[in-house]
Amino acid sequence: MTSTSSIEPAFRPADLGTLAVIAWSGESAEGDGDTPFLLAYSMGDSPAGPEATETAIRTLLGNNGLTVGGTVDSGVRQPSFPVTLLVEAGQAVISMAPLNAQCPAPPEWLAAAEEKGSAYFIFTTRPWPAAAPGKAVTEEELKAFVGDEATLTAAAHCLLPVRRIRG
């Protein structure tokens, strides 16, 4: 008797390439004031190429129980959500097994995160080679990439509660 099994792709961290996170705030679709947004993406520069990057990110997201596509997963309603957001000392720190990523958060983002108590996190599988970490991204470049349907449909979307270090 033979059986078939579903083979999950092996997760290879090197295939993620250079990861970056950008923080910005803007009007939400609901029109209820400024929303803090975070975008995580890869430059697609893994040794195995951009296709391997996309597969690695899909695997990473899947291993953390996140779905790619239009569904918005809510960490606000799930205390044991696999992705966390820590905001401290002007930095936004995203954690999910097995990685942590941080980025400086502009003052307007910090104010929106404080007011809302949550942030909208997008982790796209679509590489963005033009947006190198440490290089300034214009508002137009950000809008073009984040507003592109290909970017949004190739991403996991999450609402994350803002956590802080307790003193």
Side-chain angles (χ1 to χ4, degrees), residues 1-24 26 28-29 35-88 91-105 109 113 118-135 137 141-163:
M1 176 188 248
T2 59
S3 64
T4 58
S5 63
S6 129
I7 299 173
E8 294 287 323
F11 176 68
R12 296 171 20 127
D15 287 344
L16 292 171
T18 304
L19 293 177
V21 179
I22 293 177
W24 80 98
S28 69
T35 295
F37 292 95
L38 291 165
L39 170 69
Y41 63 93
S42 173
M43 292 189 61
D45 59 352
S46 82
E51 295 80 17
T53 296
E54 182 177 341
T55 299
I57 293 172
R58 281 185 184 276
T59 302
L60 171 69
L61 296 171
N63 288 350
N64 280 280
L66 303 177
T67 56
V68 172
T71 304
V72 177
D73 296 308
S74 179
V76 173
R77 293 189 211 115
Q78 299 175 355
S80 61
F81 197 68
V83 183
T84 61
L85 168 61
L86 175 68
V87 177
E88 198 64 40
Q91 299 283 312
V93 181
I94 296 285
S95 297
M96 69 170 47
L99 60 89
N100 295 312
Q102 73 180 46
C103 72
W109 187 95
S118 62
Y120 194 95
F121 176 57
I122 303 164
F123 196 152
T124 189
T125 65
R126 184 177 178 213
W128 194 13
K135 176 186 167 211
V137 173
E141 291 171 319
L142 181 63
K143 282 182 181 178
F145 185 75
V146 175
D148 189 323
E149 188 175 338
T151 299
L152 296 173
T153 58
H157 300 257
C158 308
L159 187 61
L160 300 175
V162 172
R163 295 198 168 112

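What's counted below: heavy atoms across the whole structure, side chains too, no hydrogens, waters or symmetry copies.
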Hey, can you pull the donor-acceptor pairs under 3.5 Å for the side chains in residues 94-105, sequence neighbours left out?
from	atom 1	to	atom 2	distance (Å)
S95	OG	N100	OD1	2.5
Q102	NE2	Q91	OE1	3.3

Sorted by chain and number, sequence neighbours left out, salt bridge (charged side-chain N to carboxylate O under 4.0 Å, His left out) with D15 holds for R12
Can you confirm whether [X] sits close enough to [Y] that some side-chain heavy atom of one is under 4.5 Å from a side-chain heavy atom of the other?
X    : Y    : result
L85  : F121 : no
L142 : W24  : yes
T53  : L16  : no
V162 : L160 : no
V68  : F123 : no

Roughly how far apart are [X] [atom1] and [Y] [atom2], rounded to 0.5 Å?
X    : Y   : atom1 : atom2 : result
T59  : E54 : OG1   : CD    : 10.0 Å
Y41  : I22 : OH    : CD1   : 4.0 Å
T55  : L60 : OG1   : CG    : 12.5 Å
L159 : Q78 : CG    : CD    : 11.0 Å
L66  : D73 : CG    : CG    : 5.5 Å

Please determine whether side chain to side chain contact (heavy atoms under 4.5 Å, CB included) holds for the pair T84 and R163, giving the CA-CA distance in whole Å, both sets of side-chain angles, and the decisive distance to 0.1 Å.
CA-CA 8 Å; T84 61; R163 295 198 168 112; 3.1 Å; yes
Practice prompt. Answer yes or no: is there a donor N or O on one side and an acceptor on the other, between the side chain of K135 and the main chain of A130, under 3.5 Å?
Written response: yes
Check whether D45 reaches the backbone of T18 with its side chain - one donor and one acceptor, N or O, closer than 3.5 Å.
yes
Please report the closest heavy-atom contact between [X] and [Y], naming both atoms and the distance.
X    : Y    : value
F81  : G75  : CG-CA, 3.4 Å
W128 : E141 : CZ2-O, 3.7 Å
A155 : H157 : O-CD2, 3.3 Å
T124 : I57  : O-CD1, 3.8 Å
A20  : P133 : CB-CG, 3.9 Å
A14  : S46  : O-CB, 3.4 Å

- Given side chain to side chain contact (heavy atoms under 4.5 Å, CB included), test C158 with V72 step by step and report yes or no. CA-CA 5 Å; C158 308; V72 177; 5.9 Å; no
The side chain to side chain donor-acceptor pair (under 3.5 Å) partners of T151 (sequence neighbours excluded) come to R126
Please evaluate residues L38 and I122 with respect to the criterion side chain to side chain contact (heavy atoms under 4.5 Å, CB included), reporting the C-alpha separation (whole Å), side-chain torsions for both, the decisive distance (0.1 Å), and the verdict.
CA-CA 6 Å; L38 291 165; I122 303 164; over 6 Å; no
